[in-house]
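We number each residue from 1, following the sequence as shown. Hydrogens, waters and symmetry mates play no part in the numbers below; they use all other heavy atoms, side chains included.
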Amino acid sequence: MAETARLPTPVTENWDWQRFGACRDMASEVFFSPEHERGGVRKQRTEHAKAVCRSCPVLVDCRSYALRAGERYGVWGGLDEAERKKLIDRRREAVAA
């Protein structure tokens with residue numbers, strides 16, 4: 001019989017929240033901008049993505065994941081790249097103080 005004590009435990013509970021995301025069946029382009037998207041078009045797409053997030057039952061889980069993982073692109077948990085960076089920077093400053 002194989003020794004299983006050293007194998008990692010299942011982590012389904014860490015990712016199960018993704019099954020309930022309001023974005024689950026949506027195109028990723030709603031949440032991630034094309035490389036050269038700028039200005040009003042980018043702002044409009046980002047606002048649409050954030051509107052989806054506002055009605056999402058797993059917004060908190062998604063946002064927590066994105067902040068922990070340091071997601072650099074897209075809208076996650078209702079926050080865009082700049083908003084997440086600002087929160088992460090503030091946390092680092094608070095820890096350093």
How far apart are the closest heavy atoms of Cys62 and Gly77, and which atoms are they? SG-N, 3.2 Å
Which atom names give the shortest non-hydrogen contact between Val58 and Phe20, and what distance separates them? CG1-CB, 3.8 Å
Return the set of residues passing side-chain hydrogen bond (donor to acceptor under 3.5 Å, both in side chains) with Thr46 (not counting sequence neighbours), or none when no residue passes. none
Hey, could you give me each pair passing side-chain hydrogen bond (donor to acceptor under 3.5 Å, both in side chains) that has a residue in residues 84-97? Not counting sequence neighbours. Lys85-Asp89
In terms of hydrophobic clusters joined by side-chain contacts under 4.5 Å, are [X] and [Y] together?
X     : Y     : answer
Phe31 : Trp17 : yes
Val30 : Leu79 : no
Ile88 : Trp76 : no

Side chains of Val75 and Cys53, heavy atoms from C-beta outward: is any pair under 4.5 Å? yes
So which pairs with a foot in residues 77-97 pass ring-ring contact (aromatic ring centres under 6.0 Å, His included), sequence neighbours left out? none
Enumerate the residue pairs fulfilling ring-ring contact (aromatic ring centres under 6.0 Å, His included) with a member in residues 34-55, sequence neighbours excluded, ordered by first and then second residue. none
Not counting sequence neighbours, which residues clear salt bridge (charged side-chain N to carboxylate O under 4.0 Å, His left out) with Arg19? List them please. Asp16
Any residue meeting salt bridge (charged side-chain N to carboxylate O under 4.0 Å, His left out) with Asp80, in chain and number order, not counting sequence neighbours: Lys50
Sequence neighbours excluded, every pair satisfying salt bridge (Lys or Arg N to Asp or Glu O under 4.0 Å) that has a member inside residues 38-49: Glu37-Arg45, Arg42-Glu81
Excluding Leu59, membership of its hydrophobic cluster (Ile, Leu, Val, Met, Phe, Trp, Tyr; side-chain heavy atoms within less than 4.5 Å) reads Val60
Just list the side-chain donor-acceptor pairs under 3.5 Å for residues 65-74, sequence neighbours left out, or say none.
{"residue": "Tyr65", "atom": "OH", "partner": "Glu71", "partner atom": "OE2", "Å": "2.6"}
{"residue": "Arg68", "atom": "NH1", "partner": "Ser64", "partner atom": "O", "Å": "3.4"}

Distance from Cys23 atom SG to Gln18 atom CD, nearest 0.5 Å? 8.5 Å
